[in-house]
Amino acid sequence: MQRIYGFKYEDVHLPPLFRLETIGRQTVSDAGYDWDGTRRPGDSVILQYTLEGNGSLLFEGRRYDVPRGSAFLATVPGRHRYFFEGGEERPWSFLWIRLQGVHTRALWSEWQRTIGPVVAFPREAPAFRLLHRLYEDAAAQSLDDAYTLSLRLYEWIVALQKQLRAGSAAGGDIPPEYQAIYRWMLAEYRSSPTLDELAARLNVSKHHFCKRFAHWYGLPPMQLLRKRKVEEASRLLRQSGMPIGEIAAYCGFESVSYFGKAFRQLAGCSPTEFREASGEGAVDALTLL
């Protein structure tokens, strides 16, 4: 699936504005998706947000995962490459925006330097909601005024800046090793790593790891893993015919009974009730977690 909306500005004499180049949504499942920032023309910035699956980013010689709920920041041209590796269990589904405007390259470069090229924020955050609304309006062909569109892009950038600063304000800049393990946990939740294993990856005590992780991310590590499992289980309950027992095993729950207990704690209903519910109520309940 691929939906791309591009914009052309007829009046070249417009005052300095934020200009939308492209916005779109895409799902890729093979290794043919590969973009090299050093070979792309233009003078713009990109944010690409993962809706499902996992992508990869090479930025200045270092590799990053871009799992569900996270986005990468890139400038064009720039020393980066983002791609999807074939053979992944699930396709990579994402929403992206490419734009240009006053000081946008400087702002993106500052975020890359101080926060990192991969950032995480939930779908309920204003930064995501404003981005998704821009995409919907582009699809409806209602973005037809350059000045109004510039204001909306500015509003989104401010929301994004606020979100990224709030994410790092919980305790200063998050150390790269904690950013890496956070992204790894979001991508590898099904393997059900134990607290001992997570702490050992950073060579720190369990107590230290829990305290610092919760300080920076607002949830203890095991609660984050459980939340991620329930989110994936809710998607499968709505979009597949898999039996509940198979969903529990697929998402890494040790038993069906524990799955039911964890699901009810976070969703407010049992997996069966969630599957049988009609309308948007059950989905809304989970997006508020």
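Source: prediction; values computed, not measured.
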Whether [Y] and [X] form a salt bridge (side-chain N of Lys/Arg under 4.0 Å from carboxylate O of Asp/Glu) is what I want to check.
{"X": "R123", "Y": "E52", "value": "yes"}
{"X": "R201", "Y": "E188", "value": "no"}
{"X": "E232", "Y": "R235", "value": "yes"}

Could you tell me whether the side chain of [X] and the main chain of [Y] form a donor-acceptor pair under 3.5 Å?
{"X": "K229", "Y": "G252", "answer": "yes"}
{"X": "R129", "Y": "E124", "answer": "yes"}
{"X": "Q26", "Y": "F94", "answer": "no"}
{"X": "T75", "Y": "G78", "answer": "no"}
{"X": "S56", "Y": "F84", "answer": "no"}
{"X": "S150", "Y": "F18", "answer": "yes"}
{"X": "R63", "Y": "L58", "answer": "no"}

Is the cationic atom of [X] (NZ for Lys, CZ for Arg) positioned less than 6.0 Å from the six-membered ring centroid of [Y] and within 45 degrees of its normal?
{"X": "R133", "Y": "Y135", "result": "no"}
{"X": "R79", "Y": "F59", "result": "no"}
{"X": "R68", "Y": "W92", "result": "no"}

**Message:** What verdict does the side-chain contact (heavy atoms from CB on, under 4.5 Å) test give for Q161 and W111, after you've listed the backbone C-alpha separation in whole Å, the side-chain angles of each residue and the deciding distance to 0.1 Å?
**Reply:** CA-CA 9 Å; Q161 185 172 35; W111 288 339; 3.6 Å; yes
Any donor-acceptor pair under 3.5 Å linking the side-chain atoms of [Y] with those of [X]?
{"X": "Q100", "Y": "R105", "result": "no"}
{"X": "T272", "Y": "S270", "result": "no"}
{"X": "D196", "Y": "T194", "result": "no"}

What about [X] and [Y], are their ring centers closer than 6.0 Å?
{"X": "F72", "Y": "Y82", "result": "yes"}
{"X": "F274", "Y": "F263", "result": "yes"}
{"X": "Y49", "Y": "F121", "result": "yes"}

**Message:** Under the criterion side-chain contact (heavy atoms from CB on, under 4.5 Å), I'd like the reasoning laid out for I97 against L134: C-alpha separation, chi angles, the key distance, then a yes or no.
**Reply:** CA-CA 9 Å; I97 184 170; L134 279 166; 4.3 Å; yes
**Request:** Count the heavy atoms of every other residue, nucleotide or ligand shown that sit under 6.0 Å from CD of Q141, and state whether that count exceeds 12.
**Result:**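 No, CD of Q141 has 12 or fewer neighbouring heavy atoms, counting only those of other groups under 6.0 Å.
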**Message:** So for atom CG, which belongs to D145, do other residues, nucleotides or ligands contribute more than 12 heavy atoms lying within a distance under 6.0 Å?
**Reply:**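 Buried by this count: over 12 neighbours within 6.0 Å.
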**Request:** Look at the aromatic rings of Y33 and W35 and report parallel, tilted or perpendicular, splitting at 30° and 60°.
**Result:**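 The rings of Y33 and W35 stand perpendicular, inter-plane angle above 60°.
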